[in-house]
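So the structure is just underneath, and the comments pick up after that.
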Amino acid sequence: MSAITAPRGTRDILPQESWKWSFIVNSAAETMKNFGFSEIHLPIFEHTELFSRGVGETTDIVEKEMYTFNDRGGRSITLRPEATAGVMRAAIENNLCAQGASVKLWNWGPMFRHERPQKGRYRQFYQIDAECLGIADAMADVEVIALSIELFRRLGLKNLEVVINSVGCEKCRPVYRQKLVEYFTAHIDELCPTCVDRLGRNPLRILDCKNESCGHAADGAPDIFDSLCDECREHFEKVRGGLERLGFNYTLSKRLVRGLDYYTKTAYEILSGDLGAQNAVAGGGRYDNLSKAIGGGKIPGVGFACGLDRVALVMEEQGCSFGKRPGTSVYCVALDEESRGDVQVLTHKLRMSGLSAECDTSGRGFKSQMRSAGACKFACIIGNDERKSGTVAVKNLSDGEQVSIPIEEAVTFINEKLKNSETLV
RNA sequence: GUGAGUGUAGCGCAAUUUGGUUAGAGCUUCGGAUUGUGGUUCCGGCGGUUGAGGGUUCAAGUCCCUUCACUCACCCCA
């Protein structure tokens with residue numbers, strides 16, 4: 001019988017990597033706090049309708065990427081493929097935006113999409129997500145974009161490109177959509193089969209196609225900027241003005257069409273050249289119709305999601321700092337069999353005092369215990385002599401200096417020593 | 001879902017131009033180097049039904065088929 005492995009597209013984040021993830025999430029949490037976002041914990045599965053109605057029936061996500069199943073009560077349940085719909089659902093359900101109130105929420109965790117895995121893409125992947133609900137003004141868009149940029153700035157990511165576009169609203173998008181249909185129908189022989197299909201269902205997505213011939217056809221397509229209604233045009237100008245006031249560089253791209261139906265007005269992505277084919281580290285925009293689509297009142301929103309797996313990948317690629325990996329400060333060593341008990345007691349007392357302390361629990365010999373201690377700052381050694389005299393030998397492993405001190409003073413002694421060495425570092 | 005590439009010890013690898021005896025070192029790990037002192041050095045031990053199944057052959061890690069997994073790309077996105 002062969003050993004069971006993790007399902008395709010999933011993976012274990014092992015200790016050598018997990019501490020780096022903690023660094024990223026902690027840094028993000030701090031940034032969120034600075035921007036006034038509160039953390040929200042959400043279910044990982046939701047009713048399927050939340051996504052089919054919220055994200056959109058004709059999107060790739062809903063059409064072919066969702067993990068959907070019936071639970072034991074016969075309800076159709078879906079593992080969340082993205083976070084925004086869930087956040088909006090929670091806001092509606094808990095009246096967070098009642099009477100025109102607004103909230104800023106963030107969260108992080110796993111998302112699920114059934115796609116073929118490749119570099120930077122997994123079936124269970126992780127996102128850091130921020131949503132600003134209840135505010136229609138373009139200043140909120142600017143704040144959200146600024147937040148995502150600041151997130152990456154703090155983590156030390158380099159060579160990022162911010163790409164923005166406006167996808168219009170329910171008033172002007174249909175007009176533009178019609179223009180596109182007319183244009184692409186005239187160029188239908190240049191389109192790939194999937195885009196021919198898109199023509200009837202979601203013509204905006206043709207603009208996004210990377211197929212060479214489609215791209216060529218798209219070059220001559222009507223410009224969305226020419227179709228934007230006054231409100232959308234003004235909104236877009238305000239977003240751009242805000243970004244410029246904050247000193248951010250960005251690229252305009254009329255080709256940027258988010259794959260999710262709920263976007264209105266602002267759409268943006270942050271791209272990295274160090275990711276291979278999957279080059280987006282974050283993406284987001286405004287979604288003023290999402291709330292109504294899932295049965296809520298009129299709640300405008302703007303937000304973004306950032307791929308944790310991808311951020312970690314880029315940071316690794318660019319040699320960014322993850323801070324210091326947590327290690328053990330003190331290793332307690334037993335010289336003989338009889339001392340093992342005392343060593344465990346001392347280790348526990350050191351731990352209770354707030355230090356990272358370790359001792360051997362597997363019966364290894366003195367020499368190998370000392371080898372393990374080599375990676376720590378201090379070794380506490382107890383043998384026959386120490387037990388007799390009620391002392392412990394405390395050895396500073398960086399300079400080799402060793403002192404014998406009464407066992408009851410050991411914990412305070414080492415705490416003092418470590419405090420001093422911390423300040424020296 | 002489609003295509004290409006790759007599967008040998010815990011890890012990263014090797015195994016002679018077109019098959020040839022008992023599949024090898026390195027790192028890690030564990031133990032030891034005159035009786036109680038570490039990251040260096042030296043010696044030694046553990047560790048593999050070569051992804052799995054089938055086939056060709058006197059003989060398969062090596063060739064063929066099937067299957068599974070991983071990787072990259074298409075698609076799409078975080």
Side-chain angles (χ1 to χ4, degrees), chain A residues 1-11 14 16 55 59-65 80-84 108-129 148 192-195 197-198 202 205 208-212 214 256-260 267-272 275-284 303-314 331 333-336 339 360 362-387 393-402 404:
Chain A
M1 191 162 60
S2 53
I4 296 167
T5 58
R8 161 169 271 201
T10 71
R11 65 200 175 123
L14 302 173
Q16 50 184 314
V55 175
T59 59
D60 276 13
I61 290 178
V62 172
E63 276 185 346
K64 50 185 191 190
E65 294 172 2
R80 62 181 188 192
E82 60 100 45
T84 307
W108 81 278
M111 307 295 157
F112 305 84
R113 291 184 203 171
H114 190 106
E115 300 177 273
R116 194 76 168 258
Q118 71 186 74
K119 184 171 186 178
R121 190 168 74 182
Y122 308 95
R123 290 183 174 181
Q124 173 172 336
F125 60 102
Y126 296 79
Q127 287 187 337
I128 298 170
D129 180 84
S148 56
C192 68
T194 30
C195 280
D197 187 46
R198 282 173 181 148
N202 202 340
R205 297 265 304 284
D208 206 26
C209 187
K210 284 165 190 156
N211 181 296
E212 207 177 314
C214 299
L256 174 64
V257 178
R258 314 310 324 286
L260 291 69
Y268 84 104
E269 279 183 3
I270 300 182
L271 310 176
S272 166
L275 269 174
Q278 308 305 321
N279 62 353
V281 285
F304 74 90
C306 144
L308 179 48
D309 314 71
R310 291 184 184 177
V311 170
L313 208 60
V314 175
Y331 200 99
V333 177
L335 264 161
D336 47 39
S339 304
D360 173 63
S362 64
R364 288 154 69 224
F366 172 70
K367 178 148 287 178
S368 89
Q369 291 181 54
M370 282 306 289
R371 280 192 184 137
S372 302
C376 306
K377 288 179 182 141
F378 285 93
C380 288
I381 304 160
I382 298 178
N384 196 29
D385 298 351
E386 283 76 18
R387 286 207 318 285
V394 178
K395 179 167 187 174
N396 183 329
L397 291 159
S398 42
D399 59 19
E401 219 170 279
Q402 182 169 323
S404 175

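Since the model is a prediction, treat every value here as computed from it, not as a measurement. Only heavy atoms go into these numbers, but all of them, side chains included; no hydrogens, no water, no symmetry mates. Order of the sequence lines sets the chain letters (A, B, ...), proteins ahead of strands, with each chain counted from 1.
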Okay, side chain of A/Asp309, backbone of A/Tyr126: is any donor-acceptor separation there less than 3.5 Å? yes

Of B/C75, B/C72, B/A78, the nucleotide closest to the side chain of A/Lys119 is B/C72

The side chain of A/Arg364 is closest to which nucleotide in this list: B/G36, B/G31, B/C74? B/G31

Under 4.0 Å, heavy atoms only, any strand: does A/Gln402 hit a base, just the sugar-phosphate, or nothing? base

Can you sort out the partners of A/Asp385 under salt bridge (Lys or Arg N to Asp or Glu O under 4.0 Å), two or more places apart, ordered by chain and number? none

Could you write nucleotides 39-47 of chain B as a row of B, S and -, 5' to 3', where a protein heavy atom under 4.0 Å of any base atom gives B, of only sugar-phosphate atoms gives S, and otherwise -? B--------

Salt-bridge present (A/Arg80, A/Asp129; N to O < 4.0 Å): no

Presence of donor-acceptor pair under 3.5 Å, side chain of A/Lys367 and base of B/G31: no

By the 4.0 Å heavy-atom rule, please label A/Gly400 as base, sugar-phosphate, or nothing. base

May I ask you to say what A/Gly365 touches in the nucleic acid, namely base, sugar-phosphate or nothing, with a heavy-atom cut-off under 4.0 Å? sugar-phosphate

Would one find a side-chain N or O of A/Gln278 under 4.0 angstrom from OP1 or OP2 of B/C77? no

Using a 4.0 Å heavy-atom cut-off across all strands, classify A/Ser368 as base, sugar-phosphate, or nothing. sugar-phosphate

Evaluate the criterion side chain to side chain contact (heavy atoms under 4.5 Å, CB included) for residue pair A/Lys119 and A/Leu313; output intermediate values, then yes/no. CA-CA 9 Å; A/Lys119 184 171 186 178; A/Leu313 208 60; 4.1 Å; yes

Mapping A/Ile270 and A/Lys395 onto RNA chain B by nearest heavy atom, which one lands closer to the 5' end? A/Lys395

Once you apply a heavy-atom cut-off of 4.0 Å, does A/Asp385 come out as touching a base, just sugar-phosphate, or nothing? base

Looking only at the side chains, is there a donor atom on one of A/Arg310 and A/Ser272 sitting less than 3.5 Å from an acceptor on the other? no

Return yes if some donor-acceptor pair links the side-chain N/O of A/Arg387 with the main-chain N/O of A/Ile382 below 3.5 Å, else return no. no

On the side chain of A/Gln127, is there an atom forming a donor-acceptor pair with the base of B/C77 - under 3.5 Å, no angle test? no

Within the 4.0 Å heavy-atom criterion, would you say A/Ala373 contacts the bases, only the backbone, or no part of the nucleic acid? nothing

Tell me if the side-chain of A/Asp60 makes a donor-acceptor pair with the base of B/C75, cut-off 3.5 Å, by modelled atom types. no

Can you find an N or O donor on one side and an acceptor on the other, under 3.5 Å apart, linking the side chain of A/Arg8 with the base of B/C68? no

Side chain of A/Arg310: nearest nucleotide among B/C75, B/A78, B/G36? B/A78

Among the nucleotides B/U2, B/U37, B/C75, whichever has the atom closest to the side chain of A/Arg116 is B/U2

Using modelled atom types and a 3.5 Å cut-off, is there a donor and acceptor pairing between side-chain atoms of A/Gln369 and backbone atoms of A/Arg364? yes

Any donor and acceptor pair, going by atom type alone, linking the side chain of A/Asp336 with main-chain N or O of A/Asn384 inside 3.5 Å? yes

Taking atom types as they are modelled, would you say the side chain of A/Glu386 forms a donor-acceptor pair with the base of B/G36 within the 3.5 Å cutoff? yes

State which of B/G38, B/C74, B/C77 makes the closest approach to the side chain of A/Asn279. B/C77

Between A/Tyr122 and A/Pro117, whichever has its closest RNA chain B nucleotide further toward 5' is A/Pro117

Would you indicate what A/Phe112 reaches in the nucleic acid, counting non-hydrogen atoms under 4.0 angstrom: base, sugar-phosphate, or nothing? nothing

Does a side-chain N or O from A/Gln118 land closer than 4.0 Å to OP1 or OP2 of B/C74, or not? yes

Writing each nucleotide of RNA chain B 5' to 3' as (, ), [, ], | or . by Watson-Crick or G-U pairing under 3.5 Å yields (((((((..((.(......[...).)).(((((.......))))).....(((((..]....))))))))))))....

Per atom distances to the A/Asn384 side chain, the nearest of B/G36, B/C77, B/C75 is B/G36

Please give the distance between the C1' atoms of B/U50 and B/A4 as a whole number of Å. 24 Å

